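Report on one structure; see the data block that follows.
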Amino acid sequence: MHTDPDIQLMLRCGEGDNEAFRKLFVRYRTKIINYCFRFCADRSIAEDLGQEVFLRMYRAAPKYRPDAGFRTWLFTIATNVCLNDARRKRGQAGTLSIDAPIFTAEGTAMPEIDDPTGHPAGRLLDHEQETIVQAALTKLPDKQRAALLLRIHHEFSYSEIAAQLHCSEGAVKTLIHRGRRVLAEILTPYFKEGT
Amino acid sequence: MKTDCIFSASISPYIDDELSAEDTERLRLHLKTCSACRNQLRVLSAMEVQLAAMPPITPSPDFDRTFWQKIDALEEKRRQPAWKQWLNGDRLREWRPALAAAAGVLILCGTFLFTQRPSETGFSADEIVMSQNLELLTDYEIVRHLDFLEQWMDFSENDATDA
Ligand SMILES: [Zn+2]
């Protein structure tokens with residue numbers, strides 16, 4: 001017997017209980033949309049990806065087997081959807097454009113990171129800060145970005161992230177380490193302390 | 001932020017609380033003596049705060065409605081008979097390249113059969129089979145281009161006479 005209440009709900013979804021599905025949808029939609037949003041940096045695309053995640057969850061319900069925690073399983077679907085989308089777009093455009101506008105939670109679009117000397121720390125507004133961090137995230141390779149978001153925003157363990165990215169825990173450790181180092185190189189000039 | 005210290009790669013898992021108790025202790029001791037690692041820990045921890053501070057977005061008001069419409073459409077599709085689901089579904093889309101390839105092979109075979117000129121010595125084996133079956137084929141509606149077949153018959157007869 002599984003004690004995770006979400007697993008119970010998901011098993012009921014598999015038996016055709018739409019109310020159970022609705023509960024899981026309401027519980028997780030904001031988290032999934034936010035994960036997709038921080039991954040792709042576009043609100044409208046994030047909602048499309050979020051829809052795709054829950055459609056896949058709905059279709060998979062009859063075959064669902066509770067091998068992992070429900071949250072890990074759902075974010076595995078979301079990670080696949082995000083990575084596939086990024087791969088498809090790169091296939092279309094040659095490479096992911098880092099000059100594409102970056103959208104903040106407020107919906108304002110700002111261009112690619114510019115000269116950090118124009119942004120003395122302490123004078124940055126919240127949404128400016130968010131835009132700079134989001135633009136830096138967008139520069140990371142897809143798997144590094146996914147691993148960092150799963151760790152920092154969704155607090156998954158390295159072993160859970162390994163399951164989501166279909167790689168070893170050692171590989172996750174490297175992805176997160178490298179992702180942090182690259183982000184730090186980009187962001188340090190903006191957030192220097194005491195200046 | 002470049003550091004070549006061998007403990008450098010332990011700092012990120014240390015922040016994530018993913019180091020063993022033993023490795024955590026070893027890193028803590030090392031941090032007391034290595035300013036490069038102390039600096040890296042300080043920078044990465046500060047960045048952690050920036051990342052965690054990114055505000056969440058709320059789904060647009062249309063999100064739920066659009067989603068349940070998609071579920072209704074999915075359920076509607078599931079209620080259709082199996083053959084209709086197959087025709088309208090993803091399965092056919094997956095099969096489309098294979099079907100296109102098969103159609104291409106059929107067209108090639110057809111083109112080969114219909115354009116092969118009779119040999120100098122008379123009819124080829126294909127032509128004999130085809131002429132034997134022509135009467136049979138004309139009984140079926142699926143042979144749409146009968147005029148073409150008839151012209152081909154005339155043509156091959158003339159050709160044979162010429163030879
Ligand atoms: Zn060191």
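Keep in mind that what you see is a predicted model, and the values were worked out from it rather than measured. Numbered from 1 within each chain, the chains take letters A, B, ... in sequence-line order. Reckoned from all heavy atoms, side chains included, excluding hydrogens, waters and symmetry mates.
- Using a 30° and 60° split on the angle between ring planes, F21(A) and F67(B) fall in the parallel class, below 30°.
- For P59(B) against R43(A), the heavy-atom pair with the smallest separation is C-NH2, 4.0 Å.
- I33(A) CD1 to T58(B) OG1: the interatomic distance, rounded to the nearest 0.5 Å, is 9.0 Å.
- One finds the CE atom of M54(B) at 10.0 Å from the CD1 atom of I152(A) (value rounded to the nearest 0.5 Å).
- Neither the backbone nor the side chain of L149(A) has a heavy atom closer than 4.5 Å to any heavy atom of chain B.
- In this structure, CD in Q69(B) is found 9.5 Å from CD in Q51(A), a value given to the nearest 0.5 Å.
- R178(A) places none of its side-chain heavy atoms less than 4.5 Å from the side chain of S12(B).
- Atom CD of E22(B) has 12 or fewer heavy atoms from other residues, nucleotides or ligands within 6.0 Å.
- At least one donor-acceptor pair closer than 3.5 Å links the side chain of E18(B) to the backbone N or O of Y158(A).
- When hydrophobic clusters are built by joining Ile, Leu, Val, Met, Phe, Trp and Tyr residues whose side-chain heavy atoms come closer than 4.5 Å, directly or via intermediates, I6(B) is grouped together with L19(B).
- Counting heavy-atom pairs closer than 4.5 Å to chain A, the top residue among L51(B), I11(B), D16(B) is D16(B).
- The shortest side-chain heavy-atom distance between W68(B) and R22(A) falls under the 4.5 Å cut-off.
- Residues P56(B) and N34(A) come closest through the heavy atom pair CA-OD1, 3.2 Å.
- Considering only heavy-atom pairs separated by less than 4.5 Å from chain A, the leading option among I15(B), L74(B), D62(B), D64(B) is D64(B).
- Within the 4.5 angstrom heavy-atom criterion, only side-chain atoms of H153(A), from C-beta onward, approach chain B.
- By the 4.5 Å heavy-atom criterion applied to side chains, L183(A) and Q50(B) are not counted as neighbours.
- With a 4.5 angstrom heavy-atom cutoff, M47(B) touches chain A only via side-chain atoms.
- To the nearest 0.5 Å, atoms CZ (R38(A)) and CD1 (I57(B)) are separated by 7.0 Å.
- Between the OG atom in S10(B) and the NZ atom in K173(A) there is a gap of 5.5 Å [rounded to 0.5 Å].
- We find the CZ-CD distance between R180(A) and Q40(B) to be 10.5 Å, quoted to the nearest 0.5 Å.
- Within residues 60-73 of chain A, no residue has any heavy atom less than 4.5 Å from a heavy atom of chain B.
- In terms of hydrophobic clustering, with Ile, Leu, Val, Met, Phe, Trp and Tyr side chains grouped at heavy-atom distances under 4.5 Å, V49(B) and Y14(B) are assigned to different clusters.
- Contacts of S44(A) with chain B are absent, with no heavy-atom separation under 4.5 Å from either backbone or side chain.
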